[in-house]
Q: 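Structure incoming, see below.
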Amino acid sequence: MEDHVWSGDKKRRAISSSDLKMRLDLNKKYQSKDFQSWLRKRLNVKPGEKVLDVGCGNGAQTFFMAEDAGVNGHITSFDISKESIETLKSSTPNYLKDRISAYELDMGDLSEFLKNNYPENSYNLAQSSYALYYSPKRIDVLSEMQNRTKDNGRVSVFTPAPPHGMISFVKQFQEISPPVTDSLFFGEKSLKEIFRKCFWEVEIHYFQSCLRITSADDFQQFYEATTYYDETAAKIIYKNAVSEIREKGFLNFEKCGILLIGSSLRKYANEL
């Protein structure tokens with residue numbers, strides 16, 4: 001499996017807390033199905049569970065997992081973005097503060113960090129949503145998630161999956177870089193096979209929804225916050241978006257993803 005490196009402006013956009021917030025807010029505004037509630041149901045964090053949250057961003061999953069884990073549970077969260085971790089900490093409700101530990105960390109350094117700081121810790125759930133594919137050390141990270149999961153625990157990874165309507169729309173006017181294309185197919189083409197080899201039990205769930213964007217300004221803000229934004233193509237893309245919204249009253253984009261949950265470990269990912 002080839003790993004495409006996120007660098008430069010694409011890496012900045014991938015880890016930007018403000019761009020992430022913009023994407024989350026507009027997804028929430030226009031998406032036909034609420035992703036967080038969909039994911040929450042399937043992660044099914046129970047009272048008292050300990051969770052490893054890899055690539056936590058601003059805490060979109062951290063907070064609901066901390067609620068579900070209850071007063072005896074705990075969420076240990078990591079993200080490469082200092083800004084995102086600061087946002088997570090500052091926006092954590094008081095009643096959840098004792099249930100969450102959040103750290104600025106490149107997930108590629110996860111193994112070393114846990115070995116030095118939490119050598120004895122193991123978790124009921126190790127999860128990563130919209131994050132694992134950003135790391136050039138993704139397989140090592142997945143192996144560490146497996147290594148830190150209790151015998152009866154589970155490992156969960158969510159990634160984008162085709163079809164992706166917005167990428168298809170802008171692809172008419174610009175090239176989509178290999179890291180973005182790789183992230184779109186990582187779950188479907190790579191993770192499914194890896195999970196089946198690594199775990200005796202594998203759940204596969206597809207998140208399928210639609211974005212119905214009715215505001216040209218919102219479309220522009222959304223596009224500018226994506227990892228595939230291209231300044232040289234932005235003007236023509238925006239012009240065509242405005243034209244379609246005027247003609248139809250909206251822009252319709254499919255937004256899909258794949259969730260894999262593995263349990264009963266049989267092999268570590270870096271042994272494959």
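Both backbone and side-chain heavy atoms feed into the values below; hydrogens, waters and symmetry mates do not.
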Q: Please determine if Arg40 and Glu67 form a salt bridge, counting it only when a charged side-chain N lies under 4.0 Å from a carboxylate O.
A: yes
Q: To check you understand the geometry: which heavy-atom pair defines the closest contact between Ile245 and Ser215, and what is its length?
A: CD1-C, 3.8 Å
Q: Please determine whether the number of non-hydrogen atoms from other residues, nucleotides or ligands lying under 6.0 Å from atom CG of Asp98 exceeds 12.
A: no
Q: Of the non-hydrogen atoms in Val242 and Ala216, which two are nearest, and what is the gap between them?
A: CG2-CB, 3.7 Å
Q: Between the main-chain N or O of Met145 and the side-chain N or O of Thr149, is there a donor-acceptor pair closer than 3.5 Å?
A: yes
Q: So does Ala225 get a backbone contact from the side chain of Arg23, meaning a donor-acceptor N/O pair under 3.5 Å?
A: yes
Q: Checking Ile100 against Phe63 for the side-chain contact (heavy atoms from CB on, under 4.5 Å) test, could you report, in this order, the C-alpha distance in whole Å, the side-chain angles of both residues, the deciding distance, and whether it holds?
A: CA-CA 8 Å; Ile100 297 171; Phe63 295 149; 3.8 Å; yes
Q: Kindly give the heavy-atom pair with the smallest separation between Leu52 and Tyr123, and that separation in Å.
A: N-CD2, 3.7 Å
Q: In terms of hydrophobic clustering (I, L, V, M, F, W, Y; side-chain heavy atoms under 4.5 Å; direct or indirect links), are Val71 and Phe64 co-clustered?
A: no
Q: Enter the distance from Glu231:CD to Lys235:NZ here, rounded to the nearest 0.5 Å.
A: 12.0 Å
Q: Would a distance-only check, ignoring hydrogens and angles, find a side-chain to backbone donor-acceptor pair under 3.5 Å from Asp79 to Gly57?
A: yes
Q: In terms of heavy-atom contacts, does NZ of Lys239 have more than 12 from other residues, nucleotides or ligands at under 6.0 Å?
A: no
Q: Could you tell me the separation between the NE2 atom of His164 and the NZ atom of Lys255, rounded to the nearest 0.5 Å?
A: 5.5 Å
Q: Any non-hydrogen side-chain atom of Phe186 less than 4.5 Å from a side-chain atom of Leu132?
A: yes
Q: Are Arg99 and Thr92 packed together at the side-chain level, in the sense that at least one heavy-atom pair is separated by less than 4.5 angstrom?
A: no
Q: Find the distance between OH (Tyr103) and CG (Asp109) and round it off to the nearest 0.5 Å.
A: 15.0 Å
Q: Can you tell me if Ser143 uses its side chain to pair, donor with acceptor, with the backbone of Asn270 under 3.5 Å?
A: yes
Q: Report yes if the side chains of Met22 and Gln221 come closer than 4.5 Å at any heavy-atom pair, otherwise no.
A: yes
Q: I need the minimum non-hydrogen distance between Leu251 and Ala241, along with the two atoms involved.
A: CD1-CB, 3.6 Å
Q: For Gln172 and Phe169, indicate whether the former's side chain and the latter's backbone hold a donor-acceptor pair under 3.5 Å.
A: yes
Q: So, the side chain of Ser183 versus the backbone of Val180: is there a donor-acceptor pair under 3.5 Å, distance only?
A: yes
Q: Within the structure provided, determine whether Leu142 and Phe195 are in side-chain contact (heavy-atom separation under 4.5 Å).
A: yes
Q: Find out if a path of hydrophobic residues (ILVMFWY) with successive side-chain heavy-atom gaps under 4.5 Å connects Ile204 to Ile261.
A: yes
Q: If you take the centroid of each ring, where Trp contributes its six-membered ring, are Tyr130 and Phe35 closer together than 6.0 Å?
A: yes
Q: Ignoring hydrogens and angles, tell me if any N or O in the side chain of Ser90 forms a donor-acceptor pair with the backbone of Thr87 under 3.5 Å.
A: yes
Q: Which heavy atom in Gly187 sits nearest to a heavy atom in Leu260, and how many Å separate them?
A: O-CD1, 4.4 Å
Q: Assess the side chains of Asn121 and Lys50: does a donor N or O sit below 3.5 Å from an acceptor N or O?
A: no
Q: Can you tell me if Tyr206 and Glu188 form a side-chain donor-acceptor pair at under 3.5 Å?
A: yes
Q: In the single-linkage hydrophobic clustering (I, L, V, M, F, W, Y; side-chain heavy atoms under 4.5 Å), do Phe250 and Val170 co-cluster?
A: no
Q: Would a single hydrophobic cluster contain both Ile176 and Ile236, if residues Ile, Leu, Val, Met, Phe, Trp and Tyr are joined by side-chain heavy-atom contacts under 4.5 Å?
A: yes
Q: Could you walk me through whether Gln31 and Phe207 pass the side-chain contact (heavy atoms from CB on, under 4.5 Å) check?
A: CA-CA 12 Å; Gln31 202 153 279; Phe207 178 77; 3.2 Å; yes
Q: Check whether Val155 and Ile258 end up in the same hydrophobic cluster, where Ile, Leu, Val, Met, Phe, Trp and Tyr are linked by side-chain heavy atoms less than 4.5 Å apart.
A: yes
Q: To the nearest 0.5 angstrom, please state how far the CG atom of Leu125 sits from the OG atom of Ser263.
A: 11.0 Å
Q: State, with a plain yes or no, whether a side-chain heavy atom of Phe199 is found less than 4.5 Å away from one of Ile194.
A: no
Q: Using a strict threshold of under 4.0 Å (side-chain N to carboxylate O), is an ion pair present between Lys89 and Glu104?
A: no
Q: Within a 6.0 Å radius of atom NZ on Lys189, are there more than 12 heavy atoms belonging to other residues, nucleotides or ligands?
A: no
Q: Please tell me if the side chains of Ile237 and Phe219 come closer than 4.5 Å, counting only heavy atoms from C-beta onward.
A: yes
Q: Regarding Lys115 and Glu112, does a basic nitrogen lie under 4.0 Å from an acidic carboxylate oxygen?
A: yes
Q: When the aromatic ring centroids of Phe78 and Phe113 are compared, is their separation below 6.0 Å?
A: yes
Q: Quick one: does Lys171's side chain get under 4.5 Å of Tyr228's, heavy atoms only?
A: no
Q: Considering only heavy atoms from C-beta outward, does the side chain of Gln127 approach that of Met65 to under 4.5 Å?
A: yes
Q: Looking at Asp230, is its backbone amide N or carbonyl O close enough to the side chain of Tyr223 to form a donor-acceptor pair, meaning the two atoms are under 3.5 Å apart?
A: yes
Q: For the pair Lys137 and Glu144, evaluate salt bridge (charged side-chain N to carboxylate O under 4.0 Å, His left out) and give the outcome as yes or no after the intermediate values.
A: CA-CA 11 Å; Lys137 298 179 180 179; Glu144 182 62 16; over 6 Å; no
Q: Once rounded to the nearest 0.5 Å, what's the spacing between atom CZ of Phe253 and atom CE of Met166?
A: 5.5 Å
Q: Say whether, by atom type as modelled, one donor and one acceptor occur between the side chain of Asp53 and the main chain of Cys56 under 3.5 angstrom.
A: no
Q: Could you tell me whether Asn116 atom CG has more than 12 heavy atoms of other residues or ligands within 6.0 Å of it?
A: yes
Q: Could you report the tightest heavy-atom contact between Arg148 and Pro119, atom names first, then the distance?
A: NH1-O, 3.6 Å
Q: Evaluate side-chain contact (heavy atoms from CB on, under 4.5 Å) for Leu259 paired with Phe158, printing each intermediate quantity in order.
A: CA-CA 4 Å; Leu259 172 67; Phe158 183 90; 3.7 Å; yes
Q: Could you tell me whether a side-chain N or O of Arg154 sits under 3.5 Å from a main-chain N or O of Leu43, the two making a donor and an acceptor?
A: yes
Q: Got more than 12 heavy atoms from elsewhere within 6.0 Å of CZ, Arg196?
A: no
Q: Measuring from atom SG of Cys210 to atom CG of Asn252, what distance do you get when rounded to the nearest 0.5 angstrom?
A: 3.5 Å
